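Below is one structure, written out as structure tokens; comments come after it.
The structure presented is a predicted model; accordingly, all values stated were derived computationally and were not measured. In the text below, chain A, chain B and the rest are named by the order of the sequence lines, each starting its count at 1.
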There are 2 protein chains.
Amino acid sequence: MKRILIIEDEKSLVRFIQLELEHEQFFVKAAYDGSSGLQLALAEEWDMILLDIMLPHLDGVEVCRRLRNAKSTPVIMLTARDGLEDRVQGLDSGADDYIAKPFDIEELLARMRAIFRRIELQDQPNRAVLTFRDITVDLDARVATRGGTPIELTKREFDLLAVFMKHPNLVQTRDMLLDLVWGYDSQVETNVVDVYVRYLRNKLDSAGEESVIQTVRGMGYVMRP
Amino acid sequence: MKRILIIEDEKSLVRFIQLELEHEQFFVKAAYDGSSGLQLALAEEWDMILLDIMLPHLDGVEVCRRLRNAKSTPVIMLTARDGLEDRVQGLDSGADDYIAKPFDIEELLARMRAIFRRIELQDQPNRAVLTFRDITVDLDARVATRGGTPIELTKREFDLLAVFMKHPNLVQTRDMLLDLVWGYDSQVETNVVDVYVRYLRNKLDSAGEESVIQTVRGMGYVMRP
DNA sequence: TTACAATTTCAAGGTATGATCAAACTAGTA
DNA sequence: TACTAGTTTGATCATACCTTGAAATTGTAA
């Protein structure tokens, strides 16, 4: 369920938008002034923010600008019908679109859909994320996490971990790992595998518990549940 | 410079409007009858057409109707003071506005401005504005901003930034960037990518904070939140 | 056209990170 | 215990990346 934040001081308008969006299966929350809106925007995760440009405490342009320092949550600005200046400022401050008040709820929904579509196109394509136990490996972003916290890995370390994640439960011999990570014609000693397994263990394991990468004596290494 | 086409058989009136519009920095051309006017309207690109309703060969309503089959160039009809019938017909045939002769040149300019404004507002929301963190990239206007302030970029710099903005979080190898920005058959060394990343960093980053473009050693570069 | 400025590309030198090696050490097995 | 397999470590080495200035190219004004 998509989460929408409305930052708008006209309570009757908020109520109207909220009812319509909830009817469309969105989760909706509202803030009635700029500073508390910005706080909410930063504190929680939102799929979209509808942001009035004329707000008490902190105007919409400023809210958007400050939000953008930390996050890229999509923003639609709500502007006055003839506020050409506002719109330009709004887009410049990082808003994704704007809509002039008073607006048709259908038009708002259409613009929201358009932005969601754009974002899905941006993010989705071929995102290969491997997951095993509490470890994730995003091959495109080249980010690995353990229990949600990112782990800094070098190229070799990352590639090695990726092999284990692609084939969990499968024992990898040193030679197989050399082929897959160092290349089939690499000239390095098999000991480098040992060294890199150690590096991974140092970075992934927490003290006192058994390692995510187990050694199979006489065979090689595995990841097991 | 905006291009205006006048279709009007009263030559002295044409001359008057033309002088005034040129004084306002428009490019102006005229046709003196319906059929040649329609031809010109279809053959070239115009930002607006001023169309008399009473014309030899082909009247204004008919010109407008046929034009609308092919194009949506804005049209202002020039009608007789008391031709109520004309006005209705004119608007029905697809004109955007009308003005009654004889008219004040200021009124004409005001109506033209109103229409241009309406069109620009319509167009702007479809502008492809990429947003990530506090950076925006307007692909159509080819304007990039950081924290609301515009950043001057050369073509290569802009295209390179656009790639990063289109695929945030996705690590781009030098080869991918060369393909996307320099063209798949370009012959340049991959080092130019490094050089341009440096240029972008110089222009986008503020001293003392980590760069918006991170290098992933052994892989390439990324933009990350 | 020429001259000048802006932009793009190349190439070389410097630096730091990461990859590898080798030797010493530890643990498992018979 | 002796032997082998795996671990750990620091030192060395390679190379990826950064930086820079200068050359080449492109665009623009006179």
Side-chain angles (χ1 to χ4, degrees), chain A residues 142-144 151-164 171-205 207-224, chain B residues 142-144 151-164 171-205 207-224:
Chain A
R142 291 191 77 83
V143 173
I151 312 284
E152 296 259 325
L153 299 176
T154 71
K155 175 176 157 53
R156 282 277 135 86
E157 290 163 356
F158 186 92
D159 290 345
L160 182 61
L161 177 60
V163 170
F164 285 119
V171 178
Q172 308 281 344
T173 67
R174 278 155 241 270
D175 287 330
M176 286 161 69
L177 292 171
L178 273 184
D179 280 0
L180 291 170
V181 176
W182 279 261
Y184 62 92
D185 56 351
S186 76
Q187 303 289 327
V188 298
E189 300 292 317
T190 63
N191 170 252
V192 299
V193 176
D194 301 335
V195 173
Y196 271 86
V197 166
R198 174 168 157 71
Y199 290 165
L200 274 185
R201 284 172 170 165
N202 280 344
K203 293 191 175 180
L204 288 173
D205 296 340
E209 67 175 9
E210 73 171 1
S211 173
V212 282
I213 299 171
Q214 311 245 319
T215 103
V216 181
R217 199 173 169 81
M219 286 298 300
Y221 300 93
V222 220
M223 276 185 77
R224 282 205 234 271
Chain B
R142 291 189 77 80
V143 172
I151 310 284
E152 295 261 325
L153 298 176
T154 71
K155 172 178 157 52
R156 281 276 134 87
E157 290 164 356
F158 185 90
D159 290 344
L160 182 61
L161 178 60
V163 170
F164 284 118
V171 177
Q172 308 282 344
T173 66
R174 278 154 238 272
D175 287 330
M176 287 161 69
L177 293 170
L178 273 183
D179 280 0
L180 292 169
V181 176
W182 279 263
Y184 63 92
D185 57 351
S186 76
Q187 303 289 326
V188 298
E189 300 292 317
T190 63
N191 171 253
V192 299
V193 175
D194 301 25
V195 173
Y196 271 86
V197 165
R198 177 169 155 73
Y199 291 163
L200 274 185
R201 283 173 170 165
N202 281 343
K203 293 191 176 181
L204 289 172
D205 296 340
E209 68 176 8
E210 74 170 1
S211 174
V212 281
I213 300 171
Q214 310 239 318
T215 106
V216 180
R217 186 165 245 266
M219 287 302 301
Y221 300 94
V222 221
M223 278 186 75
R224 284 204 232 271

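Atom CG of B/D159 is separated from atom P of C/dT9 by 11 Å (rounded to the nearest Å). For the pair A/R201 CZ and C/dT26 C1', the computed distance is 14 Å after rounding to whole Å. Rounded to whole Å, the distance from NZ on B/K203 to P on C/dT7 is 7 Å.
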Exercise for review: Please assess B/K155 against B/R142 for the test side chain to side chain contact (heavy atoms under 4.5 Å, CB included), listing each intermediate value before the final yes or no.
Suggested key: CA-CA 9 Å; B/K155 172 178 157 52; B/R142 291 189 77 80; 4.2 Å; yes
Exercise for review: Let me see the working for B/V181 and B/R156 under side chain to side chain contact (heavy atoms under 4.5 Å, CB included), right down to the final yes or no.
Suggested key: CA-CA 7 Å; B/V181 176; B/R156 281 276 134 87; 4.2 Å; yes
**Study point:** Evaluation steps, side chain to side chain contact (heavy atoms under 4.5 Å, CB included), between B/R174 and B/D194
**Key:** CA-CA 8 Å; B/R174 278 154 238 272; B/D194 301 25; 2.5 Å; yes
Practice item. Begin with the C-alpha distance, continue with both residues' side-chain angles, and end with the deciding distance and a verdict on side chain to side chain contact (heavy atoms under 4.5 Å, CB included) for B/V216 and B/R224. Key: CA-CA 11 Å; B/V216 180; B/R224 284 204 232 271; 3.7 Å; yes
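Here B/Y196 pairs with B/W182, B/Y199 under the ring pair (Phe, Tyr, Trp, His ring centres under 6.0 Å) rule; sequence neighbours left out.
In this structure, A/V193 reaches neither bases nor backbone, as no heavy-atom distance under 4.0 Å exists between it and the strands shown.
Both B/G220 and A/G220 sit near DNA chain D, but only A/G220 has its closest nucleotide nearer the 5' end.
Each of A/T173, A/D175, A/L177 was checked for a side-chain contact (heavy atoms from CB on, under 4.5 Å) with A/V193, and the lone residue meeting it is A/L177.
Interface limits on DNA chain D: the 5'-most and 3'-most nucleotides within less than 4.0 Å of chain B heavy atoms are D/dA16 to D/dT20.
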Practice item. Using a 4.0 Å heavy-atom cut-off, write out nucleotides 13-23 of chain C from 5' to 3' as B (base contacted by protein), S (sugar-phosphate only) or - (no contact). Key: ----BSBBBB-
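When all heavy atoms of B/L161 and B/L153 are compared, the pair lying nearest together is CD2-CD1, 3.8 Å. Closest heavy-atom contact between B/E157 and B/E152: OE1-O, 4.2 Å.
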